[in-house]
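Below is one structure; the comments refer to it alone.
Numbered from 1 within each chain, the chains take letters A, B, ... in sequence-line order.
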Protein chains: 2
Amino acid sequence: MKLSTVRTCCEPVLVAPIDQAEAEELATAFKLLSHPIRLRILSLIANAPGGEMCACDLPEVMGRSQPTVSHHLSLLTDAGLLAREQRGRWAWFRVERERVTVLRDALNLT
Amino acid sequence: MKLSTVRTCCEPVLVAPIDQAEAEELATAFKLLSHPIRLRILSLIANAPGGEMCACDLPEVMGRSQPTVSHHLSLLTDAGLLAREQRGRWAWFRVERERVTVLRDALNLT
DNA sequence: TCCTTATATCGATGATCGTCGATCTATTTG
DNA sequence: CAAATAGATCGACGATCATCGATATAAGGA
(Lines give C-alpha, C1' and ligand atoms only; values in the text may rest on other atoms or scores of the structure.)
Protein backbone atom coordinates (compact mmCIF):
# COMPACT_ATOMS: atom_id res chain seq x y z
CA MET A 1 0.00 0.00 0.00
CA LYS A 2 1.66 3.21 -1.11
CA LEU A 3 -0.13 5.43 1.32
CA SER A 4 1.89 8.53 0.61
CA THR A 5 0.69 8.57 -2.96
CA VAL A 6 -2.90 8.23 -1.91
CA ARG A 7 -3.22 11.00 0.60
CA THR A 8 -0.80 13.82 1.28
CA CYS A 9 -0.77 16.82 3.54
CA CYS A 10 -2.36 18.81 0.73
CA GLU A 11 -5.57 16.79 0.58
CA PRO A 12 -6.54 15.77 4.09
CA VAL A 13 -9.57 13.65 4.85
CA LEU A 14 -11.58 16.42 6.41
CA VAL A 15 -10.94 19.03 3.76
CA ALA A 16 -11.43 16.98 0.60
CA PRO A 17 -14.04 14.24 0.35
CA ILE A 18 -12.56 10.77 -0.10
CA ASP A 19 -13.81 7.89 -2.20
CA GLN A 20 -14.25 4.27 -1.24
CA ALA A 21 -10.76 3.15 -2.29
CA GLU A 22 -9.02 5.92 -0.39
CA ALA A 23 -11.18 5.28 2.66
CA GLU A 24 -10.22 1.62 2.65
CA GLU A 25 -6.49 2.33 2.49
CA LEU A 26 -6.64 4.93 5.23
CA ALA A 27 -8.83 2.75 7.41
CA THR A 28 -6.33 -0.08 7.10
CA ALA A 29 -3.60 2.27 8.26
CA PHE A 30 -5.56 3.70 11.18
CA LYS A 31 -6.42 0.16 12.26
CA LEU A 32 -2.77 -0.21 13.19
CA LEU A 33 -3.17 2.61 15.70
CA SER A 34 -6.31 1.08 17.18
CA HIS A 35 -4.62 -1.35 19.55
CA PRO A 36 -2.97 -0.22 22.81
CA ILE A 37 0.00 -2.53 22.41
CA ARG A 38 0.83 -1.12 19.00
CA LEU A 39 0.51 2.45 20.23
CA ARG A 40 2.77 1.69 23.18
CA ILE A 41 5.32 0.00 20.92
CA LEU A 42 5.43 3.06 18.66
CA SER A 43 5.64 5.42 21.60
CA LEU A 44 8.30 3.37 23.33
CA ILE A 45 10.55 3.03 20.29
CA ALA A 46 10.15 6.67 19.28
CA ASN A 47 11.31 7.73 22.73
CA ALA A 48 14.06 5.15 23.17
CA PRO A 49 17.71 6.24 23.21
CA GLY A 50 18.85 6.60 19.60
CA GLY A 51 15.23 6.22 18.47
CA GLU A 52 15.56 2.47 18.25
CA MET A 53 14.84 -0.58 20.35
CA CYS A 54 15.62 -4.29 20.41
CA ALA A 55 12.66 -6.63 20.06
CA CYS A 56 14.14 -8.80 22.79
CA ASP A 57 13.11 -6.28 25.49
CA LEU A 58 9.51 -5.87 24.40
CA PRO A 59 7.74 -9.01 25.68
CA GLU A 60 8.68 -8.22 29.28
CA VAL A 61 7.95 -4.49 29.00
CA MET A 62 4.60 -5.13 27.33
CA GLY A 63 3.60 -8.00 29.57
CA ARG A 64 2.76 -10.13 26.54
CA SER A 65 4.16 -13.34 25.12
CA GLN A 66 6.92 -13.32 22.54
CA PRO A 67 4.63 -14.54 19.73
CA THR A 68 2.13 -11.79 20.50
CA VAL A 69 4.76 -9.05 20.44
CA SER A 70 6.28 -10.48 17.27
CA HIS A 71 2.86 -10.46 15.66
CA HIS A 72 2.29 -6.78 16.38
CA LEU A 73 5.82 -5.85 15.30
CA SER A 74 5.17 -7.60 12.00
CA LEU A 75 1.95 -5.71 11.43
CA LEU A 76 3.63 -2.37 12.08
CA THR A 77 6.64 -3.25 9.95
CA ASP A 78 4.61 -4.60 7.03
CA ALA A 79 2.63 -1.35 7.01
CA GLY A 80 5.80 0.72 6.96
CA LEU A 81 5.30 2.32 10.36
CA LEU A 82 8.38 0.55 11.74
CA ALA A 83 11.71 -0.24 10.09
CA ARG A 84 13.38 -3.51 11.01
CA GLU A 85 17.13 -4.10 11.07
CA GLN A 86 18.77 -7.40 11.92
CA ARG A 87 21.95 -7.18 13.98
CA GLY A 88 23.42 -10.53 14.80
CA ARG A 89 20.63 -12.48 16.39
CA TRP A 90 18.73 -9.39 17.48
CA ALA A 91 16.13 -7.41 15.60
CA TRP A 92 16.13 -3.63 16.07
CA PHE A 93 13.23 -1.38 15.21
CA ARG A 94 12.78 2.33 14.65
CA VAL A 95 9.73 4.44 13.78
CA GLU A 96 9.26 5.50 10.17
CA ARG A 97 8.26 9.03 10.95
CA GLU A 98 7.26 10.00 7.43
CA ARG A 99 4.60 7.33 7.42
CA VAL A 100 3.18 8.51 10.72
CA THR A 101 3.12 12.03 9.33
CA VAL A 102 0.96 10.90 6.43
CA LEU A 103 -1.65 9.59 8.85
CA ARG A 104 -1.53 12.71 10.99
CA ASP A 105 -1.93 14.96 7.96
CA ALA A 106 -4.97 12.99 6.84
CA LEU A 107 -6.72 14.45 9.86
CA ASN A 108 -5.92 18.05 9.02
CA LEU A 109 -8.84 20.40 9.29
CA THR A 110 -7.45 23.45 7.54
CA MET B 1 -13.75 9.33 27.85
CA LYS B 2 -12.31 12.80 28.23
CA LEU B 3 -9.74 12.43 25.53
CA SER B 4 -8.70 16.06 25.48
CA THR B 5 -7.52 15.88 29.05
CA VAL B 6 -5.52 12.77 28.39
CA ARG B 7 -3.46 13.83 25.42
CA THR B 8 -2.93 17.31 24.07
CA CYS B 9 -0.83 18.84 21.34
CA CYS B 10 1.89 19.40 23.89
CA GLU B 11 2.49 15.74 24.68
CA PRO B 12 1.99 13.71 21.52
CA VAL B 13 2.31 9.96 21.37
CA LEU B 14 5.59 9.94 19.54
CA VAL B 15 7.32 12.53 21.67
CA ALA B 16 6.34 11.41 25.15
CA PRO B 17 5.98 7.74 26.08
CA ILE B 18 2.45 6.71 27.01
CA ASP B 19 1.29 4.30 29.67
CA GLN B 20 -1.24 1.50 29.38
CA ALA B 21 -4.27 3.59 30.34
CA GLU B 22 -3.48 6.34 27.86
CA ALA B 23 -2.78 3.80 25.14
CA GLU B 24 -6.18 2.19 25.70
CA GLU B 25 -8.04 5.47 25.45
CA LEU B 26 -6.21 6.55 22.32
CA ALA B 27 -6.59 3.13 20.73
CA THR B 28 -10.33 3.25 21.32
CA ALA B 29 -10.46 6.59 19.56
CA PHE B 30 -8.33 5.52 16.60
CA LYS B 31 -10.50 2.43 16.22
CA LEU B 32 -13.25 4.77 15.07
CA LEU B 33 -11.08 5.85 12.17
CA SER B 34 -10.28 2.26 11.22
CA HIS B 35 -13.40 1.58 9.18
CA PRO B 36 -13.88 2.98 5.66
CA ILE B 37 -17.53 3.82 6.21
CA ARG B 38 -16.75 5.92 9.25
CA LEU B 39 -13.94 7.75 7.47
CA ARG B 40 -16.23 8.46 4.52
CA ILE B 41 -18.99 9.68 6.82
CA LEU B 42 -16.59 12.09 8.52
CA SER B 43 -15.19 13.26 5.20
CA LEU B 44 -18.63 13.65 3.65
CA ILE B 45 -20.10 15.64 6.52
CA ALA B 46 -17.01 17.83 6.93
CA ASN B 47 -17.27 18.79 3.26
CA ALA B 48 -21.05 19.14 3.06
CA PRO B 49 -22.61 22.59 2.55
CA GLY B 50 -22.81 24.26 5.94
CA GLY B 51 -20.64 21.49 7.40
CA GLU B 52 -23.67 19.39 8.25
CA MET B 53 -25.64 16.56 6.76
CA CYS B 54 -28.94 14.76 7.27
CA ALA B 55 -28.72 11.10 8.22
CA CYS B 56 -31.52 10.38 5.78
CA ASP B 57 -29.16 10.74 2.81
CA LEU B 58 -26.40 8.49 4.08
CA PRO B 59 -27.70 4.93 3.49
CA GLU B 60 -28.01 5.52 -0.26
CA VAL B 61 -24.70 7.41 -0.54
CA MET B 62 -22.85 4.77 1.45
CA GLY B 63 -24.50 1.79 -0.19
CA ARG B 64 -25.34 0.31 3.22
CA SER B 65 -28.54 -0.45 5.06
CA GLN B 66 -30.17 2.08 7.35
CA PRO B 67 -29.35 0.07 10.52
CA THR B 68 -25.72 -0.18 9.50
CA VAL B 69 -25.38 3.55 8.88
CA SER B 70 -27.22 4.33 12.11
CA HIS B 71 -24.82 2.04 13.97
CA HIS B 72 -21.74 3.85 12.67
CA LEU B 73 -23.27 7.27 13.30
CA SER B 74 -23.92 6.24 16.89
CA LEU B 75 -20.33 5.11 17.38
CA LEU B 76 -18.97 8.39 16.04
CA THR B 77 -21.45 10.46 18.05
CA ASP B 78 -20.90 8.57 21.30
CA ALA B 79 -17.17 9.14 20.94
CA GLY B 80 -17.70 12.87 20.38
CA LEU B 81 -16.42 12.93 16.80
CA LEU B 82 -19.88 13.87 15.51
CA ALA B 83 -22.52 16.15 17.02
CA ARG B 84 -26.14 15.16 16.54
CA GLU B 85 -29.05 17.59 16.31
CA GLN B 86 -32.67 16.57 15.91
CA ARG B 87 -34.75 18.78 13.60
CA GLY B 88 -38.30 17.61 13.30
CA ARG B 89 -38.06 13.99 12.28
CA TRP B 90 -34.58 14.33 10.80
CA ALA B 91 -31.22 13.95 12.50
CA TRP B 92 -28.43 16.29 11.38
CA PHE B 93 -24.77 15.70 12.06
CA ARG B 94 -21.64 17.83 12.02
CA VAL B 95 -18.01 17.04 12.73
CA GLU B 96 -16.60 17.96 16.14
CA ARG B 97 -13.35 19.33 14.84
CA GLU B 98 -11.69 19.81 18.21
CA ARG B 99 -11.95 16.10 18.88
CA VAL B 100 -10.42 15.23 15.53
CA THR B 101 -7.63 17.68 16.28
CA VAL B 102 -6.81 15.83 19.50
CA LEU B 103 -6.28 12.63 17.56
CA ARG B 104 -4.19 14.35 14.91
CA ASP B 105 -2.00 16.01 17.51
CA ALA B 106 -1.38 12.67 19.20
CA LEU B 107 0.60 11.76 16.09
CA ASN B 108 2.84 14.82 16.24
CA LEU B 109 6.51 14.11 15.83
CA THR B 110 8.00 17.43 16.88
C1' DT C 1 -56.33 9.49 16.62
C1' DC C 2 -54.37 7.06 12.74
C1' DC C 3 -50.88 6.93 9.11
C1' DT C 4 -46.42 7.89 7.42
C1' DT C 5 -41.64 8.47 7.79
C1' DA C 6 -36.92 8.88 10.05
C1' DT C 7 -34.10 6.73 13.14
C1' DA C 8 -32.78 3.58 16.82
C1' DT C 9 -32.60 -0.96 18.78
C1' DC C 10 -32.68 -6.02 18.81
C1' DG C 11 -31.05 -10.47 17.50
C1' DA C 12 -28.59 -13.48 14.74
C1' DT C 13 -24.84 -14.65 11.69
C1' DG C 14 -20.40 -14.64 9.46
C1' DA C 15 -15.92 -12.45 9.52
C1' DT C 16 -11.95 -10.59 11.57
C1' DC C 17 -8.82 -10.08 15.46
C1' DG C 18 -5.79 -11.00 19.65
C1' DT C 19 -3.56 -14.32 22.17
C1' DC C 20 -0.39 -17.99 23.33
C1' DG C 21 1.68 -22.82 23.45
C1' DA C 22 4.26 -25.40 20.37
C1' DT C 23 7.40 -25.52 16.87
C1' DC C 24 10.44 -23.98 13.20
C1' DT C 25 14.36 -21.08 11.50
C1' DA C 26 18.46 -18.51 11.77
C1' DT C 27 22.43 -16.86 14.12
C1' DT C 28 26.09 -16.96 17.56
C1' DT C 29 29.05 -19.44 20.61
C1' DG C 30 31.58 -23.34 22.54
C1' DC D 1 29.02 -29.83 14.69
C1' DA D 2 26.15 -29.18 18.87
C1' DA D 3 23.96 -26.17 22.14
C1' DA D 4 21.80 -21.91 23.10
C1' DT D 5 19.09 -18.04 21.99
C1' DA D 6 16.18 -14.52 19.21
C1' DG D 7 12.54 -14.28 16.46
C1' DA D 8 8.98 -15.94 13.18
C1' DT D 9 5.32 -19.08 12.01
C1' DC D 10 1.53 -22.34 12.93
C1' DG D 11 -2.76 -23.75 14.83
C1' DA D 12 -6.48 -23.22 17.74
C1' DC D 13 -9.57 -20.77 20.63
C1' DG D 14 -12.32 -17.01 22.51
C1' DA D 15 -13.58 -12.27 21.81
C1' DT D 16 -14.93 -8.50 19.20
C1' DC D 17 -16.95 -6.51 15.05
C1' DA D 18 -19.86 -5.51 10.78
C1' DT D 19 -23.99 -6.34 8.73
C1' DC D 20 -28.91 -6.57 7.97
C1' DG D 21 -33.89 -8.11 8.56
C1' DA D 22 -37.30 -7.31 11.80
C1' DT D 23 -39.19 -4.42 15.00
C1' DA D 24 -39.63 -0.53 18.23
C1' DT D 25 -39.74 4.46 18.96
C1' DA D 26 -40.59 9.13 17.95
C1' DA D 27 -42.16 12.99 15.33
C1' DG D 28 -45.34 15.24 11.85
C1' DG D 29 -49.24 15.49 9.16
C1' DA D 30 -54.08 14.15 7.75
Side-chain angles (χ1 to χ4, degrees), chain A residues 1 20-21 23-45 48 52-94, chain B residues 1 20-21 23-45 48 52-94:
Chain A
M1 178 174 65
Q20 177 67 23
E24 283 173 6
E25 292 210 19
L26 265 180
T28 300
F30 277 122
K31 193 172 294 178
L32 292 166
L33 305 179
S34 75
H35 194 289
I37 287 192
R38 293 194 288 269
L39 283 178
R40 289 179 63 209
I41 287 175
L42 286 174
S43 165
L44 207 58
I45 296 177
E52 60 182 7
M53 205 163 165
C54 177
C56 55
D57 296 322
L58 286 172
E60 180 168 2
V61 174
M62 293 295 159
R64 295 287 159 182
S65 69
Q66 180 268 323
T68 295
V69 171
S70 176
H71 170 63
H72 291 295
L73 285 173
S74 289
L75 292 178
L76 291 168
T77 304
D78 292 347
L81 283 167
L82 286 181
R84 182 188 189 280
E85 186 190 350
Q86 188 81 26
R87 294 184 200 156
R89 72 181 90 176
W90 294 279
W92 289 77
F93 292 86
R94 60 183 172 79
Chain B
M1 180 174 63
Q20 177 67 24
E24 283 173 5
E25 292 209 20
L26 265 179
T28 300
F30 278 122
K31 193 172 294 176
L32 292 166
L33 305 178
S34 74
H35 194 289
I37 286 191
R38 294 194 288 267
L39 282 178
R40 289 178 63 209
I41 286 174
L42 286 173
S43 165
L44 207 60
I45 295 178
E52 60 183 6
M53 204 161 166
C54 176
C56 57
D57 296 323
L58 286 173
E60 179 167 3
V61 172
M62 293 293 159
R64 296 285 158 182
S65 70
Q66 180 269 323
T68 295
V69 170
S70 176
H71 170 64
H72 291 296
L73 286 172
S74 289
L75 292 178
L76 291 168
T77 304
D78 292 346
L81 284 166
L82 286 181
R84 182 188 189 279
E85 187 189 349
Q86 188 80 27
R87 294 185 199 156
R89 72 181 92 176
W90 294 278
W92 289 77
F93 292 86
R94 61 183 171 79

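Dashed line: the shortest gap from a side-chain N or O of H35(A) to OP1 or OP2 of dT19(C) is under 4.0 Å. At the phosphate of dA8(D), OP1 or OP2 sits under 4.0 Å from a side-chain N or O atom of R84(A). Look at K31(B) and you won't find any side-chain N or O under 4.0 angstrom from OP1 or OP2 of dT16(D). Distances shown here put every side-chain N or O of S70(B) at or beyond 4.0 Å from the OP1 or OP2 atom of dT7(C). Contact between the side-chain N/O atoms of R64(A) and the OP1/OP2 oxygens of dT19(C) is found at a separation under 4.0 Å.
Using a 4.0 Å heavy-atom cutoff across all strands shown, L73(B) reaches no nucleic acid atom at all. If you check every strand for non-hydrogen atoms under 4.0 Å, R38(A) touches sugar and phosphate atoms only. Here H71(A) lies in heavy-atom contact (under 4.0 Å) with a base. Contacts of Q66(A) with the nucleic acid, taken as non-hydrogen atoms under 4.0 Å apart, include base atoms.
With hydrogens and angles ignored, the 3.5 Å screen pairs a side-chain donor or acceptor of R38(B) with a backbone N or O of K31(B). Remark: the backbone N or O of E24(B) is paired with a side-chain donor or acceptor of T28(B) at under 3.5 angstrom.
A salt bridge links E52(A) and R87(A); the closest N-O separation between the charged side-chain nitrogens and carboxylate oxygens is under 4.0 Å.
Between dT28(C), dG7(D), dA22(D), one nucleotide has an atom nearer to the side chain of P67(B) than all others, and that is dA22(D). Closest to the T68(A) side chain, of the nucleotides dC20(D), dT28(C), dT19(C), is dT19(C). Among the nucleotides dA6(D), dT9(C), dT7(C), the one closest to the side chain of C56(A) is dA6(D).
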- [ ] Determine, stepwise, if the pair T77(A) / S74(A) fulfils side chain to side chain donor-acceptor pair (under 3.5 Å).
- [x] CA-CA 5 Å; T77(A) 304; S74(A) 289; over 6 Å; no

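The nearest heavy atom of DNA chain C to L75(A) and to Q86(A) marks one nucleotide each, and the one closer to the 5' end goes with L75(A).
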